[in-house]
Structure formats: structure tokens, C-alpha cells
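All remarks here apply to the structure that follows.
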Amino acid sequence: MNFWARLYYRYRRYLKSMKLFATIAGPGIIVMVADNDAGGIATYAATGAKYGYGLVWFLVILGPIAYFVQEMTVRLGAVTKRGHAEAIFDAFGSFWGWFSLLDLALTDLLTLITEFIGMTAAMSIFHIPPIVTVIGVFILMGIMVLQGRYWTWEKIAMVFCLVNLIYIPCAFMVHFSVGTVLKQGIIPRFPGGFNNQIFFFLMANIGTTITPWMVFFQQSSVVDKNLQEKDIPWEQIDTAVGSVLTVLVAFFIIIVTATVLKGQDIESAAQASHALMGINKYVGAFVAIGLFDAGFLGAICISLASSWAMGEVFGWAHSLNNKVKEAPWFYLFYFSTLVIAGTVVLIPGAPLVLITLFVQVIAVTLLPAALVFLILLLNQEELMGKYKNSLFQNVATTIIVIGIIILSTLYGVSALFPNIFK
Amino acid sequence: MADKFREWLSRRRKKFVARFEKIREINRKYAKPRITMTPAVKFALLMLRIYLLLLVGLLFYKFITLIR
């Protein structure tokens, strides 16, 4: 074979691989980008404003952590063809099953409320009343699921994932210095020394990296997409790409607030957006759009995670490929959670701050169980066959899961007792 | 009159109980954990129970201190 023939062959092979990846990619990228939800954006914005570029290095650790955990859901979903809720019921019995399912439903509902808080706050920057935002979100989310195809839902969600990259141009618009970022942010250190406050920020960053709904969402998503064992390597790449994107977005949010708002106490992304509006209205507007998009992505994934889980356990038809007539309970549950969450945000004087704090506490009751069950299931040879965890995967995931459990528990406890780390 | 009321009440009770039939069916279906109960699995489940008890205890303590 001559040189040109070989080159053409490689090009065709590469093109075929890319096409295959484009078909299979989705669950990993969506779950990872949606991980930077409204709460996540707020955490990164606050971290940048508080510590400048000083904690950028910490973000690099978050990518592999998220990848190792989420990759397990890919194998479990593709091999067992079951969502995480059903897998827990089957393997650990009804006590742990009900505990996980009900805790997931409650955690997801509360988190959904925080996503609506983020979306309404973001749109209020453009003088759009909360009720218009909430109704607009209902319509948009309705269109996404009611068209009756998982594939279409996924591709629309991918477009929203692309919008999440809006923080990248934002960072270039505030003219950050690459040299300063490298000098201050790449070498691991704790600005101002390791104290309770920095520990709180580290916990918050870890707390937003892995959440219970992510585990349930990706596994159910892999099942709904009907991914097979042969697709696992592609889905692993999809998850890895997603973990890079999630770190990239977090990195650029920190860059924006660290460059422009350093030294300010930022408590929410909407507050950061307001502050940025005064400095550069385009950056402020971009941050607000990014916040809305983050809340929206979080909302579409969270509401689906619970609906899939309920469908799996109660035996309802629960695929996005089903029409409303074919899966009435699945869609009823999906829209009920949306309506409840949206309505709560619109109630004047609703305890939204309390809800935001309560989410952290409730999430830490479920997260350890979901992660421990994941590792235990991935070690069942009769269930997983050759896809069971290797020794390296077990060591890595056990260390990661223990670390996540300790830090997220302390984060949850700090929500209960706010002065404990101050 | 009393008989009719009792009959009505019985019908209502049956309907109410029927609503939970699905839950009972799920409980029956998943009554026995299918995972192999190795010492590691038993230890992990025990740790999870202790963890949950501690968290519930903390929540209860917070609730009491808030009320006071």
C-alpha cells in the first residue's frame, strides 16, 4: 500500500471512530457539565472571589475524582441494563432500596428548587420576572421530553452543555494574566495558610463535584440509551471528556471572579453577575446566561434522575422513547416535581435559604450509601463478569469514596452548625 | 344506616389497602438481598447503618436545640 492509500485509510478509520463517538457520546458529557449546576457555579464564583487563583490547582483533582465515580455507573448500567435504584433494590433488599429511592426523591426535589432559584435569579438580571422564567422553563423542558425520543432529548441537552462554555470567553474578556494564573494557581498551596475557612471552601468544591443524582442519572441514562457492553470504552471516553469540560468550566469561572472580584464576599452566582455588570456589562450578562444554563441543565438531569428511578422500581414504562400515553406515570412524576419546585420558588417569603442549606444535609445522608453500593456492586463477579472492578480501580475508588464521604459529611454538618469551621 | 356506613367504610378501606398493594409487591419481590454477603459487604452495610444513625442523631440534636 502506498503512502496516500494508507493515509486515506487512516482518515476513513478516524472519521468512522468520530461518527461512532458522536452517536454514543451523551450521558457522560451531559452529567459532567450538569454537575456545574447553579449551586456549583455559586461555589466556584465564591472560591475565586475569596482566594483568587490560589485554589485553581484543586480543580485539577476534581476531574479524575468525578471520572472514577461516574465511570463505574457506565459499566454497571451497560452490563446489568438496570438503573441504580433498581440495582440497589435487587442487590441489597427493600430496606436499602426504599431508603435510597425516597432519599433520592427528596434530595432531587430540594436540589431542583435550588436550580429554579438560580434560573430565576439569573433571568432577573435581565428584568425577567420569576414567573415568566418558571413558565418558560416548564415549556422548554416539556418540549424536550415530550417529543418522544431519547436521542433528540440528548442532543438538545448537548446544545445546552455547549452554552455552559460561555465562561471561557468571559475569562478572556476580563483580560486575565496567564503568567499570574500559572504562578499563583498551579503549585498546590493554601492561600493564607490552612485554616477552617479554606477547609470549608475545599469541602464545598468537593461537595459540588459528586452528588447522588449524578450516579442515578448516568446509570439510568446509559440504560435508556440502550448502550451495550461493547459501547463501554466509548462511554468511558464520553465520561472523560465530560470530566475535562466540567473542570474547564469551573476553572474559567474562578478565573473570572478571581480577576475582577477578588476580595469580595460572593454568596451566589447571581450576586457575582450583578457585581460584574457594574464592571463590564457583557461579562455580567454572560455570567447570568451561564448561570441560567447551569440551572437548566441541572434541572433537566435531576428531574429525570428521580423519574427514571421511580419508573424502575414501580415497574412503570420509563423511557424517553415512550410517548406520554405509553408512560403516563413516568411523565406525571417528572412534571409533578417540576411544578412543585417551580411553585415553591414563586411563593413569596418561601424559606429558600433554608432549603439551600437543607439540600446539603439531606444529600450527605444518601451519597455514602449510593457510592458504597456502587463499589460493592462493581465487585460482584456473577453480576459484572469481566467488567468487575480491577484491583487498581478498587483502590482508587475506595480512597476517593472515603475522601468524598468524609468531606461531604463535614460540609453537610457545617450547614447544620454554621460556626463549626469558622 | 349503620350497615350501609360499615359497608361504605369497608369499601374505602379496601381501596386504601389496594393502593399499597404495589408497595407490598415490591417488598415481596426484593425481600431477600441477592448480593453475596461476604464479610466486606456485611462490614460496609454495618458502617452505613452507623453513619446514618449518627447523622439522624445530629439532625435530631439540631432540631431540639432549635426548638429550645
Worked check of side chain to side chain contact (heavy atoms under 4.5 Å, CB included) between A:Leu377 and A:Phe92: CA-CA 10 Å; A:Leu377 287 166; A:Phe92 301 97; 3.9 Å; yes
Side chain / backbone / both / neither for B:Leu55 at chain A, heavy atoms under 4.5 Å: side chain
Option that, when pairs with chain B are counted at under 4.5 Å, heavy atom only, ranks first among A:Leu376, A:Asn379, A:Leu383: A:Leu376
Non-neighbouring partners of B:Thr36 that pass side-chain hydrogen bond (donor to acceptor under 3.5 Å, both in side chains), sequence neighbours left out: A:Gln380, A:Glu382
Worked check of side chain to side chain contact (heavy atoms under 4.5 Å, CB included) between A:Ser220 and A:Leu304: CA-CA 9 Å; A:Ser220 296; A:Leu304 267 179; over 6 Å; no
Intermediate values then yes/no, side chain to side chain contact (heavy atoms under 4.5 Å, CB included), A:Glu312 and A:Trp308: CA-CA 6 Å; A:Glu312 287 157 16; A:Trp308 270 326; 4.1 Å; yes
Check: A:Thr409/B:Tyr51 side-chain N/O donor and acceptor closer than 3.5 Å: yes
Top contributor to chain B interface from A:Trp98, A:Phe99, A:Phe373 [non-hydrogen pairs under 4.5 Å]: A:Trp98
Partner of A:Ser306 by side chain to side chain donor-acceptor pair (under 3.5 Å), out of A:Asp108, A:Thr337, A:Thr111: A:Asp108
Top contributor to chain A contacts, counting heavy-atom pairs under 4.5 Å, from B:Val56, B:Thr38, B:Leu59: B:Leu59
Side chain / backbone / both / neither for B:Leu48 at chain A, heavy atoms under 4.5 Å: both
Minimal non-hydrogen separation, A:Phe68 against A:Ala396, with atom names: CE2-CB, 3.9 Å
Donor on one side chain, acceptor on other, A:Ser390 and A:Gln393, under 3.5 Å: yes
Residues of residues 70-89 of chain A contacting chain B, heavy-atom criterion under 4.5 Å, by residue number: A:Arg82, A:Glu86, A:Phe89
Lys/Arg-Asp/Glu bridge criterion (N-O < 4.0 Å) met for A:Glu326, A:Lys323: no
A:Phe314 versus chain B, the contacting section by heavy-atom distance below 4.5 Å: both
Best-contacting candidate, B:Met37, B:Met47, B:Glu25, B:Arg49, against chain A by heavy atom pairs under 4.5 angstrom: B:Arg49
Choice from A:Val313, A:Val372, A:Asp90 maximising heavy atom contacts with chain B below 4.5 Å: A:Asp90
Worked verdict on A:Leu202 versus A:Leu407 for side chain to side chain contact (heavy atoms under 4.5 Å, CB included): CA-CA 8 Å; A:Leu202 296 181; A:Leu407 288 174; 5.9 Å; no
